[in-house]
Amino acid sequence: MSRRFQLKEIFSKEIKDTEGCVKGWVKSVRTAKWGAFVVINDGSAQKDLQCVVDATLANFETTVKQLTIGCSVSVTGKLVESQGKVKSIEMQTTQIELIGNVMEDYPLQKKATSLEFLREVAHLRSRTNTFGAVFRIRHHLAFATHKFFHDRGFFYLHTPIITSSDCEGAGEMFRVSTLDLKNPPLNDKKQIDFTKDYFARETFLNVSGQLEAETYALGMGAVYTFGPTFRSENSNTARHLSEFWMVEPEVAFNDLDDNAQLATDYLKYLISYAMEHCPEEMAFLHGNYSPDLGKTLMHVLESPFEKITYTNAVEIIKKSNKKFEYGTVEWGKDLQTEHERFLAEEHFKRPVIVTDYPKAIKAFYMKQGQDGKTVRAMDVLVPGVGEIIGGSQREDDLEKLKTRMKEMHLPEENYWWYLDLRRFGSVPHAGFGLGFERAVMYITGMTNIRDVIAFPRFPRNAEF
Ligand code: 4AD
Ligand code: MG
């Protein structure tokens, strides 16, 4: 039996004058008197493999001529350099076997492939050129994430998915409960008695692994989490998901400048890793969806990120006199996506790190600034996406943190362990969260977040 090859191996190692077998799905079939071209792909590479089939093959009439798009096949033969203008490898077929036939109504016909349509057949879209490319890049970015942090001495920490604390304090959490919805136990005040629930308390899906990551950073120095994150915010946009993946490094003894540098190095590493390991996927996606992105990303690698304060950003936005859909911004208000994109896309034309936001619009754990008004926060904004990273130096002063929690009505008893970190050998520390899907969007040039995660979860949708 001849050895089975992946297309990726065949093309990258230029395997030729070798007997072999490939298994995959038919992309197209062209028949003629002499025989047929059967083009297949196994999902491992952007490029398809052309299999040349002679009409003298025993099952030419019964199998080869009946093949349609989507059929799965096993093809055996000799890999050779093709004769065409562009040098490539093709298969001189000696045997072809139908593995799985296609019944009628196969949705992935050549033409019907708008991204909107493909979202409705998300279980089949991995077979298209576009989704193969996106998800190979996504894989490489995940691998690059582990490599980047591992090579820098970070430890990968798995933080819990079920939690009782609201890290971001935004109240956008999905409840985890085994109580009977129709007949929940009530307490004396006629409120639901969560002490009767599975964990004997209210629990939720995490909105971030940060608080738990901080505890391990303050024992192991540098850790990162990379896991699923859940938010029940009612945001039906092209940049929000209800379930997304976040990469969260947390480092003891780092301040905000160290944090910004780490974020810059990490983002640049992701870009260059994708360029090096997925050049064909990148070229395909940029060519089809974001023509100038390749050049722009090269430029990003070569130049430092812009760094400005929130106060500065507000001045720039106001001075621009640009008409924004939701109006301009006043100091103290959060930047809208359109403001963030204006800064990154039009004003600076590259990634921008905005620091020192008003404390009223940021989470309780951020380190308070000298001025009493701001916190040592940082958001990284990139062209095409807007906010891709949110992070901060953390408040390491016990009293300041307790006061802030009181102001924000966070029950101290839920966070006793978090406060302990400030009681026992507290140190300055900092971290951030990168929205993994937003990073995939930025690097691939895909403009809808629902096209960079296998099965998107968003309000009123949990199909598949
Ligand atoms: O800015 P966020 O809310 O920060 C945190 O959760 C911190 N606890 C992170 C940390 O410091 N360890 O979220 C971080 C990033 C955002 O910049 C964005 O890229 C992404 O997570 N994000 C979302 N991505 C997709 N869908 C959503 N609903 C998202 N919400 C946040
Ligand atoms: Mg944020």
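Sequence positions, counted from 1, serve as the residue numbers for this chain. Indexing begins at 1, ligand by ligand and atom by atom, following the structure's order.
Under the side-chain hydrogen bond (donor to acceptor under 3.5 Å, both in side chains) rule, Gln46 has a single partner from Glu280, Lys8, Arg136, which is Arg136. Tested against Glu407, the residues His409, Met405, Arg404 include a single side chain to side chain contact (heavy atoms under 4.5 Å, CB included) partner, Arg404.
The protein heavy atom nearest to atom 13 (O) of ligand 1 is Arg231 NH2, 3.8 Å. Glu387 OE2, 3.0 Å is the protein heavy atom nearest to atom 1 (O) of ligand 1.
Contact check on Glu395 versus Arg376 returns no salt bridge, with no Lys/Arg side-chain nitrogen under 4.0 Å from an Asp/Glu carboxylate oxygen. The residues Arg119 and Asp451 are annotated as salt-bridged, a charged nitrogen and a carboxylate oxygen being separated by less than 4.0 angstrom.
Residue Glu387 approaches the Mg ion (ligand 2) most closely through its N/O/S atom OE2.
Using modelled atom types and a 3.5 Å distance limit, the side chains of Tyr418 and Thr215 yield no donor-acceptor pair.
Residue-level proximity to ligand 1 for Ile389 is carried by the backbone, the only part with a heavy atom below 4.0 angstrom. Under 4.0 Å from ligand 1, the heavy atoms of Tyr365 that appear belong solely to its side chain. Here Arg394 has side-chain heavy atoms under 4.0 Å from ligand 1, and that is the only part of it that gets that close.
Between Ile388 and ligand 1, an N or O atom pair is found at a separation short of 3.5 Å. Polar contact check, Glu168 against ligand 1: a nitrogen or oxygen pair lies under 3.5 Å apart. Residue Leu241 places at least one N or O, backbone or side chain, under 3.5 Å from an N or O of ligand 1. Polar contact with ligand 1: absent for Gly391 (N/O pair, distance under 3.5 Å). In terms of N/O distances under 3.5 Å, ligand 1 is not approached by Phe244.
The shortest distance between side-chain heavy atoms of Leu262 and Val251 falls below 4.5 Å.
With His240, Glu248, Glu437, Glu243 as candidates, the residue nearest to atom 9 (C) of ligand 1 on a non-hydrogen basis is Glu248.
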Q: Quick one: do Tyr156 and Tyr224 satisfy ring pair (Phe, Tyr, Trp, His ring centres under 6.0 Å)? Show the steps, please.
A: CA-CA 5 Å; Tyr156 178 25; Tyr224 69 103; 5.1 Å; yes
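Interface atoms of ligand 1 facing Gly435, defined by a heavy-atom separation under 4.0 Å, are 15 (C), 19 (O), 20 (C), 21 (O).
Judged by distance alone, with hydrogens and angles left aside, the side-chain atoms of Glu346 form no donor-acceptor pair with the main-chain N or O of Leu343 at under 3.5 Å. Asn259 places no side-chain N or O within 3.5 Å of a backbone atom of Asn254 that could act as its donor or acceptor partner.
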